[in-house]
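Down below is the structure, laid out as structure tokens.
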Amino acid sequence: MTRTRTAGVVLGVLALTATACGGSGSAGSGDGTPVDGRTFSLGIGSDPGSLDPHMTVLSVALQVDRFLYDTLLGLDDAGKPVAGLAAKWEASTTTASFTLRQGLTCADGSPLTAADVAANINFIGDPANKSPIAGLYIAPGTKAAADAAGTITVTSGKPDAFLARNVGGVPIACAKGLADRKLLAKGEAGTGMFTVAESVPNDHYTFTRRKDYAWGPGDWKVEPGLPDKVVVRVIPNTTTATNLLLSGELNAAQINGPDRQRLEGRKLFHTDFTAPMGEVFYNQAAGRPGQDEAVRRALTQALDLPQLGKVLTSGAGRPSQGMITNEPEVCPGDTVTGNLPAHDPAAAAAALDAAGWKKGADGVRAKDGKKLSLTVLYGTQLGPTMAPTAELVQQTWKSLGADVTLKGVDSPGLSQVLFGTGEWEVSLGPVGFSLPSQLVPFVSGPAAPDGTNFAHIANPGYDQGAQQAATKPGDASCADWNAAETALIKRVDAVPYFDSVVPTYASGAKFALSQGSLTPSSIRMLAK
């Protein structure tokens, strides 16, 4: 069995992008013998919202979509492309071609054609459609054409150092869904191993395995132990999810925080991945305090980032060295160390004084009659450590003279605020990517709600480095990508400070992870 990776993104997350880095315990609390006819139960921390694979960047939605929509390519454990829906491919930084496998079908049994695949790419590439993954996988202006032999030719809207991998990571939907996107919002018209049998938002989603599905990533083939059904259960409380794992009512769930100790004590199998967990973004829209670099720098300087990281990861994390945590690393390097302001509350207070933010009689700073009021967002779906971390941030900034309001939101709620209403000053929701090119639309270009640049960042140094990197293929682009990311961090446009090693625990099953989410084709149910 070949384990593969596909691209992903995280935001508070948009998608946990990282790869399996080890496991321990018994083989999923079973005797290791694969058995057929079982139902696999997966716990997720938040409802995914829309399942349209071209209109979401939420990690929880991308996990659910992996059961329903396949991609042109996967990646093996060495980070090299392997066949997905495409049997062969080639690419430069501006053009790519993908030839489909024979015999591909949609969830309703109709054939998947090259023209259908091209239509997926063209939808994302058309700026009028405002796909949030435009610029992430597909550059705006990208066009695709298909021929009768089953080959899709792609012309990128701008140079892309990782063109084959990015286009190859797009979830592919079938023609009926492209004609009626309400079907895609419900997870229908898919190309993946499973089809939707039942959807109860905020409770559960039931999928049935397609008996005609015989392709899969790389050299995958049907083997004993594949589940006949999958039930995805929405379980926001990690203690509840832990109890269900221990009782055998759940087969898999990501568990972070103190509940891990109980699972470790029972020696449950787990597969781990490294994910960005501690990140701070400031809203730089006009009129927001974060528009001023001096304010961003002072607020960051006031925080004891190592201490925040320990609280956030229950002492199990490690300081960030960059915003791309995927392993094996695409562009190794340390863009963080020495580039963030050092912890110094007195200097932070002096900097705010110098920037005109003076304390009033109530202890709250103000400038030109406007108080330093901060609405701080944090993702509740990231586990029980997010709230105390946010509270520590609140206490620190109140001591500095800010009026701080915390707002805990789930994945869809975070997305709505960041990309929709824009009513926030600080986000503690991390973003994560498998390729440095995928970060670009989230930290540059059109600001939300017209684009995905949710923090309204405009950093000339980052833009220049990213533009130079995009013209160089693969590894040749790494020096420019690292320079671009360094420029972002030096200006406090992004504050990555701690990564988390997040385990996905198993009970009565085994599986592999890719980009922080479970690979459906790897699931094997085990005898009790």
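Numbering of residues begins at 1 and proceeds along the displayed sequence. Atoms considered below: every heavy atom in the structure, side chains included; atoms not considered: hydrogens, waters and symmetry mates. Note that this is a predicted model, so its numbers are computed, not measured.
Partners of K176 according to the salt bridge (Lys or Arg N to Asp or Glu O under 4.0 Å) rule, which considers only residues two or more places apart in sequence or in another chain, are D108. Residues forming a side chain to side chain donor-acceptor pair (under 3.5 Å) with K130 (at least two apart in sequence, or on another chain): none. Every residue two or more places apart in sequence or in another chain that forms a side chain to side chain donor-acceptor pair (under 3.5 Å) with S247 is listed here: E249. Applying the side chain to side chain donor-acceptor pair (under 3.5 Å) rule to E293 yields the partners R297; only residues at least two apart in sequence or on another chain are considered. Residues meeting the salt bridge (Lys or Arg N to Asp or Glu O under 4.0 Å) test with R296, sequence neighbours left out: D493. Not counting sequence neighbours, S444 has no partner by the side chain to side chain donor-acceptor pair (under 3.5 Å) test. For R260, the salt bridge (Lys or Arg N to Asp or Glu O under 4.0 Å) criterion is met by no residue, not counting sequence neighbours. E485 pairs by the salt bridge (Lys or Arg N to Asp or Glu O under 4.0 Å) definition with nothing, not counting sequence neighbours.
A salt bridge between D403 and K371 is absent, with no side-chain N of the basic residue lying under 4.0 Å from a carboxylate O of the acidic one.
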Determine all donor-acceptor pairs shorter than 3.5 Å in which one atom belongs to a side chain in residues 183-194; sequence neighbours excluded.
unit_1, atom_1, unit_2, atom_2, d
T191, OG1, D70, N, 2.9
T191, OG1, I172, O, 2.7

Could you give the side-chain donor-acceptor pairs of residues 196-204 under 3.5 Å, partners two or more places apart or in another chain?
unit_1, atom_1, unit_2, atom_2, d
E198, OE1, H204, NE2, 3.0

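Residue pairs satisfying the salt bridge (Lys or Arg N to Asp or Glu O under 4.0 Å) criterion with at least one member in residues 414-438, sequence neighbours excluded, are listed as follows: R288-E423, R288-E425. Contacts classified as salt bridge (Lys or Arg N to Asp or Glu O under 4.0 Å) and involving residues 444-454 (residues at least two apart or in different chains) are not found.
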